[in-house]
Amino acid sequence: MKLFERADILLPRGVRLADWSVIACDQYTSEPEYWERVERRVGDKPSALRLVLPEVYLERADVEERITRMEETMARYLAQGLFAEFPHSYLLTERIQRDGRARYGVIGNVDLEAYDYRAGSCSPVRATEGTVLSRIPPRVRVRKDAPLELPHIMLLLDDPERRAIEMLVELRHGFRPIYDFELMEGGGHLRGWLVPPDEAEVFSGTLELLYREECARAADEGRAPLFLAVGDGNHSLATAKECYEAHGGARYAMCELCNLHSPALDFEPIHRVLFDIDREQLLRELLPLCGEGEQRFCLLFGEERRELAFRAPDTGLVVGTLQNFIDRYLEAHGGRCDYIHGEEVVERLSGEPGCAGFLLPGMSKEELFPAVRKNGALPRKTFSMGHAWDKRFYTEAQRIKRG
């Protein structure tokens, strides 16, 4: 079984890619003004914005209308011949982040039969964080009848010796350049090269070798092999899996494969903001659980900041203990929780009436594979790969339904 393979990659032609490419749909969910700016910029130009549903709109009354428009636009773009196809190909990407560092990845397909997001999974491609099952059905509605997918999923390869992706990076100047443009909204710069067939074959062979090595280590240690881990887009990949199993969807999902050990790849904590809550009620229930302890976090009420720690945590990570408290609180009292990248956004949102923010510490990326191998998926929304503005932008596409 080839866990990660070449894909039939579609890219728009004759369009301005700076207007085409937009950030992952699960970003800026508490900042609708971001998406409003993107709407104004795109206007009536061809854009990936018309082929995805930003999750800021997922619970709005017109969501069904938006999904229908999205499907109609996909069909229209295909009928107009908007896309150039690069069959059975890998695409090497270079993302210059806002901080100037270059992050490299390879666009290809992951085999959904090798992936399982469910708790206790022992599949070779595995979720790193707990999957919120209630988030899957509305995303299935978005995907199941769509003729195209646009990937924002990033898979992580544990390759400390940098034998796979970095081999292509060293050779990239001899590859055919496919795109080179500035991303909107301060997202940095994106370049892409088509990997030639011979180098693609070597890359595939290197992945197979690395997988065999992981299988041998796993056998020695008496565990199941974990080869690829979902870094970003866990719920999108879970949705693709559900569509494949329950709705006869495509067996493969397009992803970007990155090396966990890339110097440009940082893990950032994912903070929490509560909306429509009673701050005094929150304090009455939270403070008795806090005192001396190792699981520290910061609570924000507007200008007020409190450094707190759980006295008797019920999970091994502060993010899990805090999330359990939040879930219990919201179930008992109502309100809403959003997951936020960046302290400055938490500080701003927590200053609004009826809101509270929680700032969490980060985790080292070197802890990820050992932790998942030992304990399974981490608590949901434990970490984010980089800042919100460095998330993957939709550029490439793939057919997932013929007709």
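- Cation-pi check for Arg336 over Phe275 is met; the charged atom lies under 6.0 angstrom from the ring centroid and within 45 degrees of its normal.
- Partners of Ser384 by side chain to side chain donor-acceptor pair (under 3.5 Å), not counting sequence neighbours, listed by chain and number: His341, Lys391.
- Among residues two or more places apart in sequence or in another chain, the side chain to side chain donor-acceptor pair (under 3.5 Å) test is passed with Asp338 by Thr29, Ser30.
- Scored by the ring-ring contact (aromatic ring centres under 6.0 Å, His included) test, Phe203 finds Tyr90 as partners (sequence neighbours excluded).
- Sequence neighbours left out, the pairs with a member in residues 193-203 that pass salt bridge (Lys or Arg N to Asp or Glu O under 4.0 Å) are Arg6-Glu201.
- Counting only residues at least two apart or in different chains, salt bridge (Lys or Arg N to Asp or Glu O under 4.0 Å) contacts with residues 289-314 comprise Glu294-Arg296, Glu304-Arg306, Arg305-Glu347, Asp314-Arg328.
- A salt bridge is defined here as a Lys NZ or Arg NE, NH1 or NH2 lying under 4.0 Å from an Asp or Glu carboxylate O, and Arg348 with Glu344 fails to meet this definition.
- Between Arg141 and Glu64, at least one side-chain nitrogen of the basic residue sits less than 4.0 Å from a carboxylate oxygen of the acidic one, meeting the salt-bridge criterion.
- Between Arg217 and the choices Glu214, Glu221, Glu213, the side chain to side chain donor-acceptor pair (under 3.5 Å) rule is met once, by Glu214.
- With a 4.5 Å cut-off on side-chain heavy atoms, Leu359 and Leu300 count as touching.
- Sorted by first and then second residue, the salt bridge (Lys or Arg N to Asp or Glu O under 4.0 Å) pairs with a member in residues 267-285 form an empty list; sequence neighbours excluded.
- Taking the ring axis of Phe267 as reference, the NZ or CZ atom of Lys365 does not stay both within 45° of it and closer than 6.0 Å to the ring centre.
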